[in-house]
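These numbers were taken from a predicted model, which means no experiment stands behind them. When reading the values below, keep in mind they use all heavy atoms of this one structure, side chains included, and skip hydrogens, waters and symmetry mates.
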Amino acid sequence: MSRTLRAALADAAARFAFSPTARLDAELLMAHALGVDRNALLLDMERPVPPTFATLVERRVAHEPVAYITGTRGFWTIDLAVGPGTLVPRPDSETLLVAALAHFSTRAPASVLDLGTGPGTLLLAALDEWPARGIGVDRSDTALAYACTNAAALGMAHRAAFIRGDWAAAIDARFDLVLANPPYIGLDEVLPDEVRGHEPGSALFAGADGLDDYRALAPQLARLIAPGGCAAVEIGHTQAAAVAALFAHAGLDSIVHRDLGQRDRCLLVTPRGHG
């Protein structure tokens with residue numbers, strides 16, 4: 001007698017005990033194997049277990065990120081194609097968009113720059129929120145290929161351009177909104193196997209103290225922010241004071257915004273005296 005979906009999900013979740021979202025991981029993989037979304041899975045648990053599910057479970061047991069296995073990740077109001085060579089979008093990064101919404105209030109930014117765009121995560125989420133145009137910059141050809149694919153799939157290719165570059169070195173313009181989620185992990189910090197073993201180190205690590213990329217960004221931000229605009233920069237939850245000090249030295253004011261777990265997660269940055 002074949003296993004029920006419920007039993008297969010329970011068995012998989014037990015094998016995913018290393019994950020803080022073990023049951024969710026199992027449900028997402030089962031939905032992917034069935035070719036349906038998770039809601040449809042939960043509404044009909046009487047389906048047979050698809051034969052491909054076992055292979056997906058083994059990949060997850062090897063600590064491969066769920067987003068790499070399914071090839072997609074939801075972020076803000078959009079779904080993004082992701083895979084090896086790209087940073088997996090995380091809910092914590094949505095704090096940058098919340099902070100930007102608070103800054104602009106009833107206004108809408110007309111231009112957006114996303115530094116370290118990866119698969120287009122922050123830029124495309126911002127363009128889905130506002131009728132703006134934007135540029136995404138990244139050093140990774142792999143990430144930029146995903147970003148272009150995502151822009152096309154979301155119908156935003158006419159509003160989003162992507163260029164290969166080292167932060168803002170190739171940019172000579174000002175933007176209403178500058179977004180950045182730079183690497184901020186110290187080289188010796190402990191990370192889950194699925195992160196250290198699968199996601200690109202160039203998108204994670206930033207020197208011994210995790211601040212190297214903020215040191216590069218700080219002197220560039222002031223010339224990028226248009227009058228009345230701002231930058232929203234992601235930080236590690238212990239880094240607010242250190243990064244704010246780097247920005248202050250470059251003539252920038254910073255306001256800390258916290259994520260849903262009440263951890264410091266974003267600095268909302270404006271040129272001094274223009275907040």
**Student:** Supply the atom-to-atom distance Phe205 CZ to Asp188 CG, rounded to the nearest 0.5 angstrom.
**Tutor:** 9.5 Å
**Student:** Quick one: closest heavy-atom pair of Leu179 and Leu122, and the distance?
**Tutor:** CD1-O, 3.7 Å
**Student:** How far does CZ of Arg6 sit from CD of Glu46, to the nearest 0.5 angstrom?
**Tutor:** 5.5 Å
**Student:** Taking Gln220 for its side chain and Ala216 for its backbone only, find out whether a donor-acceptor pair lies under 3.5 Å.
**Tutor:** yes
**Student:** Is Arg107 reaching over with its side chain to a backbone N or O of Gly228, donor-acceptor style, under 3.5 angstrom?
**Tutor:** yes
**Student:** Can a salt bridge be assigned to the pair Arg15 and Glu58 using a cut-off of 4.0 Å between side-chain N and carboxylate O?
**Tutor:** yes
**Student:** More than 12 foreign heavy atoms under 6.0 Å from CG of Leu101: is that the case here?
**Tutor:** yes
**Student:** Look up atom CZ in Phe75 and atom CG in Asn150, then write down how far apart they are to the nearest 0.5 Å.
**Tutor:** 12.0 Å
**Student:** Would you say Val243 and Ile225 are hydrophobically clustered, going by side-chain heavy atoms of ILVMFWY under 4.5 Å?
**Tutor:** yes
**Student:** Identify the two heavy atoms, one from Trp167 and one from Gly116, that lie closest to each other, and give their separation to 0.1 Å.
**Tutor:** CZ3-N, 3.7 Å
**Student:** Do Arg258 side-chain atoms and Thr95 backbone N/O form a donor-acceptor pair below 3.5 Å?
**Tutor:** no
**Student:** Look up atom CG in Asp92 and atom CD1 in Ile235, then write down how far apart they are to the nearest 0.5 Å.
**Tutor:** 11.0 Å
**Student:** Taking all non-hydrogen atoms of both residues, which atom of Gly83 and which atom of Tyr68 are closest, and how far apart?
**Tutor:** O-CE1, 3.1 Å
**Student:** Would the distance check show the side chain of Arg164 and the main-chain N or O of Arg139 forming a donor-acceptor pair, the cut-off being under 3.5 Å?
**Tutor:** yes
**Student:** If you look at every heavy atom in Cys266 and Ala232, which pair is closest and at what distance?
**Tutor:** SG-CB, 4.0 Å
**Student:** Sequence neighbours left out, what passes side-chain contact (heavy atoms from CB on, under 4.5 Å) with Ala208? Give chain and number order.
**Tutor:** none
**Student:** Do Glu129 and Trp76 pair up side chain to side chain, a donor and an acceptor below 3.5 Å, judged on atom types alone?
**Tutor:** yes
**Student:** List the residues meeting side-chain contact (heavy atoms from CB on, under 4.5 Å) with Pro50, not counting sequence neighbours, and say none if there are none.
**Tutor:** Met30, Ala33, Leu34, Thr52, Phe53
**Student:** With rounding to the nearest 0.5 angstrom, report the OG1 to CG distance, Thr117 to Leu124.
**Tutor:** 6.5 Å
**Student:** Would you confirm whether Ser140, through its side chain, and Ala143, through its main-chain N or O, come within 3.5 Å as a donor-acceptor pair?
**Tutor:** yes
**Student:** Give the C-alpha distance, both sets of side-chain angles, the deciding distance and a yes or no for side chain to side chain contact (heavy atoms under 4.5 Å, CB included) between Glu199 and Leu191.
**Tutor:** CA-CA 11 Å; Glu199 295 188 62; Leu191 291 175; over 6 Å; no
**Student:** So how far is it from Asp213 CG to Asn181 CG, rounded to the nearest 0.5 Å?
**Tutor:** 10.5 Å
**Student:** Can you establish whether the number of heavy atoms outside Asp172 located under 6.0 Å from its atom CG is more than 12?
**Tutor:** no
**Student:** Which atom pair, heavy atoms only, marks the closest approach of Gly74 to Asp79?
**Tutor:** CA-OD1, 3.3 Å
**Student:** Does the Asp193 side chain pair with the main chain of Gly197, one donor and one acceptor, at a distance under 3.5 Å?
**Tutor:** no
**Student:** Tyr184 and side chain to side chain donor-acceptor pair (under 3.5 Å): which partner among His237, Glu234, Glu189?
**Tutor:** Glu234
**Student:** Please give me the minimum heavy-atom distance between Leu123 and Ile135, naming the atom from each residue.
**Tutor:** CD2-C, 3.7 Å
**Student:** The test is salt bridge (Lys or Arg N to Asp or Glu O under 4.0 Å); show your working for Asp209 and Arg215 and say whether it passes.
**Tutor:** CA-CA 11 Å; Asp209 61 1; Arg215 295 185 180 100; 2.5 Å; yes
